[in-house]
K.L.:
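Quick one: the structure is below, questions incoming.
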Amino acid sequence: MKDQIRSISEEALKEASAVPADKDAVDALRIKYLGRKGIITELFKQMGSVPAEVRPEVGGLINTLKESVTRALDEKSALISTCLEEGEAVDVTLPGIPGRIGRIHPITKTINEINSLFISLGFRVLEGPEIETEHYNFEALNIPLEHPSRDAFDTFYVSFEKKALLRSHTSPVQARFMEKNKPPFAIVVPGRVFRPDATDASHSFMFHQVEGLVVGEGIKFSDLKGTLAAFAQAMFGAKARMRFRPSFFPFTEPSAEVDISCIVCSGKSREKRCSMCGGKGWLEIMGAGMVNPKVFEAVGYDPEKVTGFAFGMGVERIAILKYGITDIRLFFENDVRFLRQF
Ligand code: DAH
């Protein structure tokens, strides 16, 4: 019986390798060997008459035979699916299926645009650490412990012992930069900031700001106004108007909140309640002011000699206005249907 198995094996493998890659031919061969009345199936049926001592060995041989014939026929079948039918042809000149190309995230795009506008005005772009110390996030900016204004800049602590926290604004980079550099200079600092706000359509615990700082001899409030007006027009178009509202920040004196005219209604729909500005006609985009002398003193500058202006803008706010987006969460959900539009 062993000889019989060996000769069937030789014959079957020869036939399997010679059979054309044709479905009917391969199927016929499969039936011939492995079908219900196939040659190999018949061998299994004869097992009952094999003497018990050699039964395990003979059984093993038949199993091996079955496996190798099955594998040879499967390989042939796999070839069939990749072959063309007779008369078929592949048109290699047809356009391919294009791969999906990624794109720049709208927040990155907005930051890049803000950066290049300020670069064209002579500013330098730099970044600072996202994990800050209490000193730079608060004290160096004249936000003392126990002062109520500290609440507005509440944040996440990374370590109470080390007084390490996630910065709640980009303003700490002002002090870091001034400690190491001498005026005159003009810098912008884009980056992530963090606040423990509950998430909704207009709040996120993480968002982006761009800080600006210009220091030198004879820098005036009119320089601040001119710079920001140039920025607003370049960013939102020549028709955009800007207004300053008196405000308070511990690190500037005087301080202002800067609004631009609503890009949807231009302030013309006061009664109709515009969806963007709620009918106010103005949208707040940043805080600004003249650098508080106390901030200069903290970094060793002489406030009698130098003056400066600073501003901090919300990047999501600007992107929302520029692209007419209704919900800040869209920026961070990674939904490609949203992201593909930019
Ligand atoms: N750091 C402020 C905030 O996060 C924004 C700001 C206001 C920055 C006035 C400034 C400034 O540099 O002068 O709300």
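Indexing begins at 1, ligand by ligand and atom by atom, following the structure's order. Excluded from the calculations below are hydrogen atoms, water molecules and symmetry mates; all remaining heavy atoms, backbone and side chain alike, are included.
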K.L.:
Can a donor-acceptor pair be found between the side chains of H147 and S149 at a distance below 3.5 Å?
P.N.:
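Note: H147 and S149 side chains meet the donor-acceptor criterion.
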
K.L.:
Could you check whether R195 makes a cation-pi contact with F205, meaning its NZ or CZ is under 6.0 Å from the centre of the six-membered ring and within 45° of the ring axis?
P.N.:
no

K.L.:
Suppose I only count heavy atoms of E211 and a 4.0 Å limit; which atoms of ligand 1 are within that range?
P.N.:
8 (C), 10 (C), 12 (O)

K.L.:
Provide the number and element of each atom of ligand 1 under 4.0 Å from a heavy atom of A288.
P.N.:
7 (C), 9 (C), 11 (C), 13 (O)

K.L.:
Do Y157 and E134 pair up side chain to side chain, a donor and an acceptor below 3.5 Å, judged on atom types alone?
P.N.:
yes

K.L.:
Between F153 and ligand 1, which residue portion shows a heavy-atom distance shorter than 4.0 Å: side chain, backbone, both, or neither?
P.N.:
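Under 4.0 Å from ligand 1, F153 contributes side-chain atoms alone.
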
K.L.:
Name the closest protein heavy atom to atom 8 (C) of ligand 1, giving the residue it belongs to and the distance to 0.1 Å.
P.N.:
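Going atom by atom, the protein heavy atom closest to atom 8 (C) of ligand 1 ends up being G312 N, 3.3 Å.
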
K.L.:
Regarding R317 and S202, is there a side-chain donor-to-acceptor distance under 3.5 Å anywhere?
P.N.:
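The criterion, which ignores hydrogens and geometry beyond distance, is not satisfied for S202 and R317.
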
K.L.:
Starting from atom 13 (O) of ligand 1, find the nearest protein heavy-atom neighbour and note its residue, name and distance.
P.N.:
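Of the protein heavy atoms, T252 CG2, 3.0 Å lies nearest.
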
K.L.:
Taking heavy atoms and a distance under 4.0 Å, where does S171 meet ligand 1: side chain, backbone, both or neither?
P.N.:
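Contact part for S171 vs ligand 1: side chain (C-beta onward).
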
K.L.:
Of all the atoms in ligand 1, which lie at a distance below 4.0 Å from a heavy atom belonging to G289?
P.N.:
13 (O)

K.L.:
May I ask which of F248, F249, F251, F207 has a heavy atom nearer to atom 11 (C) of ligand 1 than the others do?
P.N.:
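The option holding the nearest heavy atom is F251.
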
K.L.:
Drop me the distance from D200's CG to I328's CD1, to the nearest 0.5 angstrom.
P.N.:
8.5 Å

K.L.:
Once the angle between the rings of F342 and F338 is folded into 0 to 90°, is it parallel (under 30°), tilted (30 to 60°) or perpendicular (over 60°)?
P.N.:
perpendicular

K.L.:
Short list, please: which atoms of ligand 1 are under 4.0 Å from a heavy atom of Q209?
P.N.:
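Ligand 1 atoms under the 4.0 Å threshold to Q209: 3 (C), 4 (O).
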
K.L.:
With a cut-off of 4.0 Å, which atoms of ligand 1 are near a heavy atom of Q174?
P.N.:
12 (O)

K.L.:
Parallel, tilted or perpendicular: which fits the ring planes of H105 and F332, with parallel below 30° and perpendicular above 60°?
P.N.:
parallel

K.L.:
Relative to each other, are the rings of F118 and F231 parallel, tilted or perpendicular (30° and 60° limits)?
P.N.:
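Plane angle under 30°, so parallel.
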
K.L.:
Geometry only, no angles: is S168 polar-contacting ligand 1 at N/O separations under 3.5 Å?
P.N.:
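No.
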
K.L.:
Considering only heavy atoms, does R167 approach ligand 1 within less than 4.0 Å through its side chain, its backbone, both, or neither?
P.N.:
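It is neither part, as no heavy atom is under 4.0 Å.
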
